[in-house]
Engineer: 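Have a look at this one.
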Amino acid sequence: MSVIRSVVRGVGSYLPATLVTNADLASRVDTSDEWIVQRTGIRERHIAAEGEMTSDLGREAALRALADAGLEPGDIDLIVLATSTPDQTFPATAATIQAQLGITQGAAFDLQAVCSGFVFALSTADAHLRTGMFKRALVIGAETFSRILDWTDRGTCVLFGDGAGAVVLEAVAVDAAGGRGVLTSHLRTDGRHRSKLFVDGGPSSTQTVGHLRMEGREVFRHAVGMITDVIEDAFAASGESAETIDWFVPHQANRRIIDASAQKLQIAPGKVVTTVDRHGNTSAASIPLALDVARKDGRIKDDDLVLLEAMGGGFTWASALVRW
Ligand code: UT7
């Protein structure tokens with residue numbers, strides 16, 4: 001039996017040129033390379049240049065994903081951009097990227113689920129493609145978290161970085177059993193936790209942009225349970241398991257959270273894609289950045305089964321299974 005699925009046609013990513021090491025940060029706040037590596041696994045992160053905006057990062061990632069897919073901007077009729085650091089309050093940064101790519105058809109909008117944003121965006125684009133409403137989507141995660149960090153707060157400023165990643169999805173009729181595409185996705189939110197990770201500004205409250213505030217230990221305490229729950233949902237819905245997946249590409253917040261989640265799910269360490277050491281936490285960009293790394297270095301091959309997972313502010317948390 002054949003079904004319509006959203007199949008990944010291409011992937012691309014973009015990192016700003018400026019690299020900031022732990023040693024660089026240790027010269028600005030009371031921290032050390034040893035503390036950051038031991039507690040998070042992060043060694044370096046990229047930071048956007050002055051004037052370089054989320055739309056610039058997202059557009060470059062989108063162009064690289066289109067090139068990887070062998071497609072032109074005009075082939076795209078949907079852009080879903082996951083970001084918590086838009087260029088402006090409105091219009092959506094997706095609209096800016098759409099205009100810069102010269103696309104005049106279809107729709108483009110932003111979606112905000114903080115670090116879970118890419119999986120929420122993938123799921124949203126997938127739902128629209130499967131109904132036949134659109135044919136090909138750019139799903140982008142792009143962030144400039146450096147702009148909302150309190151650079152005097154050592155508890156948060158060492159954790160985050162800037163970057164963008166994108167995938168091109170296409171609605172294709174595939175075999176229901178074993179066919180390629182997004183097999184299942186699971187989205188969760190529990191707003192009771194919203195004060196554990198938030199930005200203390202916004203248009204309707206302070207009329208300022210604000211800075212990221214986090215109770216790191218509290219986020220950590222909830223992370224592994226939420227991540228593993230929503231992955232169990234994906235396994236139950238698809239009949240897949242830790243044994244049948246080829247790659248686990250989690251949100252890259254903290255090496256300890258990634259390792260503990262993989263261990264709890266009994267996912268073999270060799271299947272885990274980790275980029276947090278080089279990228280830091282790039283929020284909604286972290287998963288497509290990691291996908292691009294693992295695709296380009298030859299790990300993710302056609303027909304591989306890839307498990308995605310994220311957890312972040314809200315709290316939001318989400319999983320997806322994709323046959324590449
Ligand atoms: O994307 C999703 C959202 N974010 C996350 O997933 C992050 C989740 N949380 C975490 O990753 C961890 O909680 C952190 C990496 C943020 C912190 O690690 P931790 O092991 O939970 O440390 P902690 O917050 O309990 O702090 C331990 C100590 C404290 O000192 P005292 O009170 O024990 O004297 C902190 O003041 O480490 C101190 N500390 C630092 N020391 C050096 C906090 N930040 C730093 C720092 N450098 N940058």
Side-chain angles (χ1 to χ4, degrees), residues 20-45 82-85 112-121 141-146 148-163 165 187-191 193-200 211-231 249-262 264 274-277 279-290 308-319:
V20 175
T21 65
N22 292 345
D24 295 332
L25 291 175
S27 67
R28 297 168 71 161
V29 289
D30 182 14
T31 191
S32 64
D33 177 56
E34 191 193 4
W35 190 94
I36 301 171
V37 171
Q38 192 189 35
R39 302 287 178 130
T40 72
I42 299 167
R43 294 182 184 276
E44 57 192 33
R45 72 286 292 144
T83 188
S84 303
T85 46
Q112 207 266 66
V114 204
C115 296
S116 309
F118 182 77
V119 186
F120 274 62
E143 302 279 18
T144 47
F145 260 50
S146 62
I148 56 165
L149 293 177
D150 174 353
W151 286 98
T152 66
D153 175 16
R154 68 175 183 174
T156 53
C157 76
V158 303
L159 303 174
F160 295 91
D162 299 336
L187 311 182
R188 297 288 309 277
T189 302
D190 186 345
H193 297 289
R194 65 195 183 283
S195 64
K196 296 186 177 93
L197 175 49
F198 69 104
V199 170
D200 61 3
H211 292 110
L212 182 150
R213 307 291 173 202
M214 177 167 74
E215 294 173 39
R217 218 175 296 188
E218 274 296 298
V219 179
F220 198 105
R221 202 166 67 76
H222 286 86
V224 177
M226 289 177 161
I227 289 165
T228 50
D229 271 1
V230 79
I231 290 173
V249 185
H251 168 52
Q252 309 283 323
N254 184 317
R255 178 86 207 217
R256 286 152 63 209
I257 296 175
I258 295 171
D259 290 348
S261 306
K264 192 170 171 196
T274 308
T275 51
V276 69
D277 53 333
H279 300 165
N281 180 349
T282 58
S283 189
S286 89
I287 292 174
L289 271 161
L308 312 180
E309 153 282 306
M311 184 264 179
F315 290 151
T316 54
W317 63 110
S319 66

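Each residue takes its place number in the sequence, starting with 1. One-based numbering, in listed order, for ligands and for the atoms of each.
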Engineer: Give a yes or no on whether the backbone of D190 and the side-chain of W317 come within a donor-acceptor separation of less than 3.5 Å.
Structural biologist: no
Engineer: With a 4.0 Å heavy-atom cut-off (strictly under), which part of I257 contacts ligand 1: side chain, backbone, both or neither?
Structural biologist: side chain
Engineer: Should L159 be counted as touching ligand 1, given the test is an N or O pair under 3.5 Å?
Structural biologist: no
Engineer: Give me the residue, atom name and distance of the protein heavy atom closest to atom 47 (N) of ligand 1.
Structural biologist: T31 OG1, 2.6 Å
Engineer: Can you tell me if T85 and E143 form a side-chain donor-acceptor pair at under 3.5 Å?
Structural biologist: yes
Engineer: Measure across I287 and A310 and return the closest heavy-atom pair with its distance rounded to 0.1 Å.
Structural biologist: CD1-CB, 3.9 Å
Engineer: Is a donor on one side and an acceptor on the other found under 3.5 Å between the side chain of S261 and the backbone of I227?
Structural biologist: no
Engineer: Which ligand 1 atoms does M214 reach within 4.0 Å, using its non-hydrogen atoms?
Structural biologist: 4 (N), 7 (C)
Engineer: Atom CZ in R221, atom NZ in K196: separation rounded to 0.5 Å?
Structural biologist: 7.0 Å
Engineer: So which protein heavy atom does atom 25 (O) of ligand 1 come closest to, and at what separation?
Structural biologist: R217 NE, 2.6 Å
Engineer: Tell me which protein heavy atom sits closest to atom 11 (O) of ligand 1, plus the residue, atom name and distance to 0.1 Å.
Structural biologist: N254 ND2, 2.7 Å
Engineer: Using a distance threshold of 4.0 Å (strictly less than), state whether atom 31 (P) of ligand 1 has a protein heavy-atom neighbour.
Structural biologist: no
Engineer: Pull out every atom of ligand 1 sitting under 4.0 Å from any heavy atom of V219, numbered as shown with elements.
Structural biologist: 3 (C), 4 (N), 5 (C), 6 (O), 8 (C)
Engineer: I need the minimum non-hydrogen distance between V29 and C157, along with the two atoms involved.
Structural biologist: CG2-SG, 4.1 Å
Engineer: State whether the shortest distance between N or O atoms of T40 and N or O atoms of ligand 1 falls below 3.5 angstrom.
Structural biologist: no
Engineer: To which protein heavy atom is atom 35 (C) of ligand 1 closest, and what is the distance rounded to 0.1 Å?
Structural biologist: R154 NH2, 3.9 Å
Engineer: So is there a nitrogen or oxygen of S32 less than 3.5 Å from a nitrogen or oxygen in ligand 1?
Structural biologist: no
Engineer: For ligand 1, which part of N281 has a heavy atom less than 4.0 Å away: the side chain, the backbone, both, or neither?
Structural biologist: side chain
Engineer: Any protein heavy atom at under 4.0 Å, with atom 14 (C) of ligand 1 as the reference point?
Structural biologist: no
Engineer: Measuring from atom 9 (N) of ligand 1, which candidate in A26, G216, C115, S116 has the nearest non-hydrogen atom?
Structural biologist: G216
Engineer: So, taking the atom named OG in S195 and the one named CD in E215, what distance separates them when rounded to the nearest 0.5 Å?
Structural biologist: 6.0 Å
Engineer: Looking at P250, is its backbone amide N or carbonyl O close enough to the side chain of Q252 to form a donor-acceptor pair, meaning the two atoms are under 3.5 Å apart?
Structural biologist: yes
Engineer: In the protein, what heavy atom is nearest to atom 37 (O) of ligand 1, and what distance, to one decimal place, separates them?
Structural biologist: W35 NE1, 3.2 Å
Engineer: Less than 4.0 Å is my threshold; does some heavy atom of A223 fall inside it relative to ligand 1?
Structural biologist: no
Engineer: Counting non-hydrogen protein atoms only, what is the nearest one to atom 12 (C) of ligand 1? Give residue, atom name and distance.
Structural biologist: F220 CD1, 3.7 Å
Engineer: Mark up the atoms of ligand 1 that fall under 4.0 Å of a heavy atom belonging to R256, in ascending order.
Structural biologist: 18 (O), 20 (O)
Engineer: If you measure from each non-hydrogen atom of L197 to ligand 1, which part falls under 4.0 Å: side chain, backbone, both or neither?
Structural biologist: side chain
Engineer: Just jot down the ligand 1 atoms closer than 4.0 angstrom to any heavy atom of V158, in number order.
Structural biologist: 48 (N)
Engineer: Within a strict 4.5 Å, meaning less than it, do heavy atoms of the V37 and N22 side chains meet?
Structural biologist: yes
Engineer: Looking only at protein heavy atoms, which one is nearest to atom 22 (O) of ligand 1, and what is the separation?
Structural biologist: R39 NH1, 3.3 Å
Engineer: Among all protein heavy atoms, pick the one closest to atom 2 (C) of ligand 1 and tell me residue, atom and distance.
Structural biologist: M311 O, 3.4 Å
Engineer: Within this structure, what is the OG1-CG distance for the pair T40 and D277, rounded to the nearest 0.5 Å?
Structural biologist: 9.5 Å
Engineer: When you measure from the side chain of S286 to the backbone of H251, do you find a donor-acceptor pair of N or O atoms at a distance under 3.5 Å?
Structural biologist: no
Engineer: Could you tell me whether the side chain of N281 and the main chain of N254 form a donor-acceptor pair under 3.5 Å?
Structural biologist: no
